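Here is the structure we will look at.
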Amino acid sequence: MEPQPTPEEALAALNAVERGRLTVIDEIGLPRWYWWGLALGWVALGFVTDLKHAWLTAAATFAFGAVHASVAARAASGRRRTQRLSVRAEVAGRRTARLIVGCVAALGGLTVGLALAASADGASHPVTIASAFVALTILLGRPQLIGAIRRRAAASTTR
Amino acid sequence: MTKAKFDELIHPSTRLSIVALLAAADWAEFAFLRDQLELSDSALSKQLSTLEDAGYVQIERPLRNHRRRVRARLTEVGAEAFEGHVAALRSIVSRTDRAGQPAH
(Lines give C-alpha, C1' and ligand atoms only; values in the text may rest on other atoms or scores of the structure.)
Protein backbone atom coordinates (compact mmCIF):
# COMPACT_ATOMS: atom_id res chain seq x y z
CA MET A 1 0.00 0.00 0.00
CA GLU A 2 1.44 3.36 -1.03
CA PRO A 3 1.64 6.00 1.68
CA GLN A 4 -1.11 8.56 1.09
CA PRO A 5 -0.89 12.21 2.06
CA THR A 6 -3.12 13.59 4.76
CA PRO A 7 -6.07 15.69 3.59
CA GLU A 8 -4.16 18.82 4.64
CA GLU A 9 -1.15 17.77 2.58
CA ALA A 10 -3.40 16.93 -0.37
CA LEU A 11 -5.02 20.35 -0.15
CA ALA A 12 -1.62 22.07 0.04
CA ALA A 13 -0.52 20.10 -3.04
CA LEU A 14 -3.67 21.13 -4.93
CA ASN A 15 -2.97 24.75 -4.01
CA ALA A 16 0.56 24.38 -5.41
CA VAL A 17 -0.91 23.00 -8.63
CA GLU A 18 -3.27 25.98 -8.90
CA ARG A 19 -0.38 28.39 -8.25
CA GLY A 20 1.48 26.79 -11.16
CA ARG A 21 -1.51 27.28 -13.45
CA LEU A 22 -1.88 30.92 -12.37
CA THR A 23 1.85 31.54 -12.91
CA VAL A 24 1.49 30.41 -16.51
CA ILE A 25 -1.72 32.46 -16.93
CA ASP A 26 0.30 35.53 -15.88
CA GLU A 27 2.41 34.93 -18.97
CA ILE A 28 -0.57 35.29 -21.32
CA GLY A 29 -0.16 38.39 -23.41
CA LEU A 30 1.17 39.78 -26.63
CA PRO A 31 4.76 40.88 -27.22
CA ARG A 32 5.41 44.56 -26.55
CA TRP A 33 6.61 45.08 -30.13
CA TYR A 34 3.14 44.09 -31.37
CA TRP A 35 1.43 46.94 -29.51
CA TRP A 36 4.05 49.52 -30.43
CA GLY A 37 4.03 48.37 -34.05
CA LEU A 38 0.24 48.56 -34.15
CA ALA A 39 0.18 52.06 -32.62
CA LEU A 40 2.93 53.44 -34.88
CA GLY A 41 1.43 51.78 -37.95
CA TRP A 42 -1.93 53.32 -37.09
CA VAL A 43 -0.51 56.84 -36.92
CA ALA A 44 1.46 56.30 -40.14
CA LEU A 45 -1.67 55.09 -41.93
CA GLY A 46 -3.60 58.11 -40.66
CA PHE A 47 -0.86 60.44 -41.87
CA VAL A 48 -0.79 58.82 -45.33
CA THR A 49 -4.60 59.10 -45.55
CA ASP A 50 -4.38 62.83 -44.84
CA LEU A 51 -2.10 63.25 -47.87
CA LYS A 52 -5.25 62.64 -49.94
CA HIS A 53 -3.67 60.44 -52.60
CA ALA A 54 -6.23 57.69 -53.15
CA TRP A 55 -3.76 55.15 -54.58
CA LEU A 56 -1.27 55.78 -51.78
CA THR A 57 -3.96 55.38 -49.11
CA ALA A 58 -5.19 52.18 -50.72
CA ALA A 59 -1.66 50.75 -50.96
CA ALA A 60 -0.82 51.73 -47.37
CA THR A 61 -4.10 50.24 -46.08
CA PHE A 62 -3.46 47.03 -47.98
CA ALA A 63 0.12 46.83 -46.69
CA PHE A 64 -0.98 47.54 -43.12
CA GLY A 65 -3.72 44.90 -43.30
CA ALA A 66 -1.39 42.30 -44.81
CA VAL A 67 1.36 42.88 -42.27
CA HIS A 68 -1.11 42.86 -39.39
CA ALA A 69 -2.77 39.65 -40.59
CA SER A 70 0.61 37.97 -40.89
CA VAL A 71 1.83 39.14 -37.49
CA ALA A 72 -1.50 38.55 -35.71
CA ALA A 73 -1.56 34.95 -36.90
CA ARG A 74 1.55 34.33 -34.78
CA ALA A 75 1.26 36.87 -31.98
CA ALA A 76 -2.42 37.45 -31.24
CA SER A 77 -3.07 34.07 -29.66
CA GLY A 78 -1.62 35.47 -26.43
CA ARG A 79 0.50 32.36 -25.96
CA ARG A 80 3.94 33.79 -26.73
CA ARG A 81 4.33 37.06 -24.83
CA THR A 82 7.95 36.19 -24.21
CA GLN A 83 10.27 33.57 -25.64
CA ARG A 84 10.55 31.87 -22.24
CA LEU A 85 7.47 29.71 -22.56
CA SER A 86 4.49 28.92 -24.71
CA VAL A 87 1.14 28.88 -22.94
CA ARG A 88 -1.12 25.97 -23.85
CA ALA A 89 -3.97 26.95 -26.16
CA GLU A 90 -6.56 25.55 -23.73
CA VAL A 91 -5.14 27.75 -20.95
CA ALA A 92 -4.79 30.93 -23.02
CA GLY A 93 -8.31 30.58 -24.36
CA ARG A 94 -9.06 29.82 -27.97
CA ARG A 95 -10.94 33.09 -28.52
CA THR A 96 -8.06 35.39 -27.59
CA ALA A 97 -6.90 35.98 -31.18
CA ARG A 98 -10.45 36.70 -32.32
CA LEU A 99 -10.88 39.13 -29.43
CA ILE A 100 -7.69 41.01 -30.37
CA VAL A 101 -8.62 41.20 -34.06
CA GLY A 102 -12.14 42.29 -33.07
CA CYS A 103 -10.68 45.09 -30.95
CA VAL A 104 -8.49 46.22 -33.87
CA ALA A 105 -11.57 46.30 -36.13
CA ALA A 106 -13.48 48.31 -33.49
CA LEU A 107 -10.56 50.75 -33.30
CA GLY A 108 -10.79 51.16 -37.06
CA GLY A 109 -14.42 52.22 -36.64
CA LEU A 110 -13.45 54.56 -33.82
CA THR A 111 -10.76 56.16 -36.02
CA VAL A 112 -13.26 56.81 -38.82
CA GLY A 113 -15.76 58.33 -36.36
CA LEU A 114 -13.15 60.56 -34.73
CA ALA A 115 -11.75 61.61 -38.12
CA LEU A 116 -15.23 62.62 -39.32
CA ALA A 117 -15.78 64.61 -36.12
CA ALA A 118 -12.37 66.30 -36.42
CA SER A 119 -13.03 67.07 -40.09
CA ALA A 120 -16.43 68.57 -39.28
CA ASP A 121 -14.67 70.71 -36.69
CA GLY A 122 -12.35 72.04 -39.38
CA ALA A 123 -9.15 70.26 -38.39
CA SER A 124 -6.50 70.33 -41.11
CA HIS A 125 -5.27 66.74 -40.51
CA PRO A 126 -8.34 64.95 -39.13
CA VAL A 127 -7.23 61.37 -39.78
CA THR A 128 -3.77 61.91 -38.27
CA ILE A 129 -5.37 63.42 -35.16
CA ALA A 130 -7.88 60.55 -34.90
CA SER A 131 -5.13 57.96 -35.47
CA ALA A 132 -2.90 59.49 -32.82
CA PHE A 133 -5.78 59.38 -30.34
CA VAL A 134 -6.48 55.74 -31.19
CA ALA A 135 -2.77 54.86 -31.00
CA LEU A 136 -2.72 56.31 -27.49
CA THR A 137 -5.83 54.26 -26.67
CA ILE A 138 -4.03 51.13 -27.90
CA LEU A 139 -1.01 51.75 -25.69
CA LEU A 140 -2.97 52.80 -22.61
CA GLY A 141 -5.73 50.22 -23.01
CA ARG A 142 -3.36 47.29 -23.52
CA PRO A 143 -2.98 46.37 -19.80
CA GLN A 144 -6.77 46.42 -19.29
CA LEU A 145 -7.39 44.17 -22.27
CA ILE A 146 -4.69 41.67 -21.29
CA GLY A 147 -5.85 41.79 -17.66
CA ALA A 148 -9.37 40.87 -18.76
CA ILE A 149 -8.06 37.98 -20.90
CA ARG A 150 -5.99 36.67 -17.98
CA ARG A 151 -8.91 36.95 -15.54
CA ARG A 152 -11.09 34.99 -17.94
CA ALA A 153 -8.40 32.33 -18.28
CA ALA A 154 -7.98 32.12 -14.51
CA ALA A 155 -11.72 31.71 -14.02
CA SER A 156 -11.87 29.00 -16.65
CA THR A 157 -11.99 25.42 -15.40
CA THR A 158 -11.11 23.86 -18.73
CA ARG A 159 -7.73 22.62 -17.54
CA MET B 1 -12.76 10.93 -17.05
CA THR B 2 -9.25 10.74 -15.57
CA LYS B 3 -8.55 7.76 -13.34
CA ALA B 4 -7.32 8.87 -9.91
CA LYS B 5 -3.85 7.49 -9.29
CA PHE B 6 -1.52 8.82 -6.64
CA ASP B 7 1.93 9.28 -8.18
CA GLU B 8 4.83 9.18 -5.74
CA LEU B 9 7.28 10.47 -8.31
CA ILE B 10 5.30 13.66 -8.98
CA HIS B 11 4.15 14.31 -5.42
CA PRO B 12 7.28 15.89 -3.83
CA SER B 13 6.61 19.62 -3.77
CA THR B 14 9.37 20.74 -6.16
CA ARG B 15 8.51 18.16 -8.79
CA LEU B 16 4.80 18.84 -8.38
CA SER B 17 5.41 22.56 -8.97
CA ILE B 18 7.52 21.84 -12.07
CA VAL B 19 4.91 19.51 -13.53
CA ALA B 20 2.06 21.91 -12.65
CA LEU B 21 3.82 24.69 -14.58
CA LEU B 22 4.55 22.45 -17.54
CA ALA B 23 0.98 21.13 -17.58
CA ALA B 24 -0.31 24.62 -18.36
CA ALA B 25 2.34 25.27 -21.02
CA ASP B 26 3.38 23.72 -24.31
CA TRP B 27 6.95 24.11 -23.14
CA ALA B 28 8.95 26.28 -20.75
CA GLU B 29 12.57 27.35 -20.80
CA PHE B 30 14.90 26.10 -18.10
CA ALA B 31 15.54 29.70 -16.98
CA PHE B 32 11.81 30.38 -16.61
CA LEU B 33 11.31 27.32 -14.41
CA ARG B 34 14.41 28.13 -12.37
CA ASP B 35 13.31 31.72 -11.76
CA GLN B 36 9.68 30.92 -10.98
CA LEU B 37 10.52 28.10 -8.58
CA GLU B 38 13.58 29.86 -7.12
CA LEU B 39 15.79 26.84 -7.60
CA SER B 40 19.47 26.58 -8.35
CA ASP B 41 20.51 25.31 -11.77
CA SER B 42 21.74 22.04 -10.29
CA ALA B 43 18.59 21.46 -8.21
CA LEU B 44 16.35 22.03 -11.22
CA SER B 45 18.55 19.86 -13.46
CA LYS B 46 18.32 17.03 -10.96
CA GLN B 47 14.53 17.21 -10.75
CA LEU B 48 14.15 17.45 -14.52
CA SER B 49 16.44 14.45 -14.99
CA THR B 50 14.29 12.41 -12.62
CA LEU B 51 11.15 13.39 -14.52
CA GLU B 52 12.86 12.76 -17.85
CA ASP B 53 14.03 9.29 -16.75
CA ALA B 54 10.44 8.46 -15.82
CA GLY B 55 9.32 9.55 -19.29
CA TYR B 56 7.25 12.42 -17.86
CA VAL B 57 9.28 15.27 -19.31
CA GLN B 58 11.07 15.78 -22.58
CA ILE B 59 14.12 18.04 -22.68
CA GLU B 60 14.82 19.94 -25.89
CA ARG B 61 17.78 22.07 -26.88
CA PRO B 62 16.70 24.36 -29.73
CA LEU B 63 18.98 27.03 -31.17
CA ARG B 64 17.79 30.64 -30.74
CA ASN B 65 19.82 33.76 -31.58
CA HIS B 66 22.89 31.55 -32.05
CA ARG B 67 22.52 30.26 -28.50
CA ARG B 68 21.49 26.83 -27.40
CA ARG B 69 18.43 27.02 -25.13
CA VAL B 70 17.18 24.29 -22.84
CA ARG B 71 13.47 23.85 -22.55
CA ALA B 72 11.19 21.22 -21.07
CA ARG B 73 7.80 19.95 -22.07
CA LEU B 74 5.46 17.47 -20.43
CA THR B 75 5.06 14.25 -22.37
CA GLU B 76 1.72 12.57 -22.91
CA VAL B 77 2.65 10.01 -20.25
CA GLY B 78 3.58 12.85 -17.87
CA ALA B 79 0.32 14.69 -18.55
CA GLU B 80 -1.71 11.56 -17.82
CA ALA B 81 0.24 10.87 -14.63
CA PHE B 82 -0.26 14.49 -13.52
CA GLU B 83 -3.99 14.44 -14.19
CA GLY B 84 -4.31 11.13 -12.34
CA HIS B 85 -2.34 12.52 -9.43
CA VAL B 86 -4.46 15.67 -9.22
CA ALA B 87 -7.60 13.50 -9.34
CA ALA B 88 -6.21 11.40 -6.48
CA LEU B 89 -5.49 14.53 -4.42
CA ARG B 90 -9.01 15.83 -5.07
CA SER B 91 -10.41 12.50 -4.05
CA ILE B 92 -8.52 12.60 -0.73
CA VAL B 93 -9.77 16.12 -0.03
CA SER B 94 -13.37 15.40 -1.04
CA ARG B 95 -13.50 12.21 1.08
CA THR B 96 -12.53 14.29 4.08
CA ASP B 97 -15.07 16.96 3.20
CA ARG B 98 -17.83 14.35 3.03
CA ALA B 99 -16.71 12.71 6.28
CA GLY B 100 -16.64 16.09 7.98
CA GLN B 101 -20.23 16.95 7.04
CA PRO B 102 -22.77 16.73 9.87
CA ALA B 103 -25.27 13.84 9.59
CA HIS B 104 -28.84 14.79 8.67
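A, B, ... follow the sequence lines: proteins, then strands. Residue 1 opens every chain. Remember, predicted model here, so these are calculated numbers, not experimental data.
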Per-residue contact mode, Leu16(B) against chain A (heavy atom under 4.5 angstrom):
side chain

Part of His11(B) lying under 4.5 Å from any heavy atom of chain A
side chain

Portion of Glu27(A) that has a non-hydrogen atom of chain B nearer than 4.5 angstrom:
side chain

Which answer fits Arg79(A), side chain, backbone, both or neither, if we ask what part of it has an atom under 4.5 Å from a heavy atom of chain B?
side chain

Is Arg84(A) salt-bridged to Glu29(B), going by a charged N under 4.0 Å from an acidic O?
no

Can you classify the ring geometry of His68(A) versus Phe64(A) as parallel (below 30°), tilted (30 to 60°) or perpendicular (above 60°)?
parallel

Working to the nearest 0.5 Å, report the span between CZ of Arg69(B) and CZ of Arg61(B).
14.0 Å

Would [X] and [Y] show up in the same hydrophobic cluster when neighbours are defined by side-chain heavy atoms closer than 4.5 Å?
X         : Y         : result
Val127(A) : Ile129(A) : no
Leu45(A)  : Trp33(A)  : yes
Trp27(B)  : Leu48(B)  : no

Check the side chains of Arg95(B) and Ser91(B) for a donor-acceptor pair under 3.5 angstrom, ignoring hydrogens and angles.
yes

Does a donor on one side chain sit under 3.5 Å from an acceptor on the other, for Arg15(B) and Gln47(B)?
yes

Is any residue of residues 100-107 of chain A within less than 4.5 Å of chain B by heavy atoms, and which ones?
none

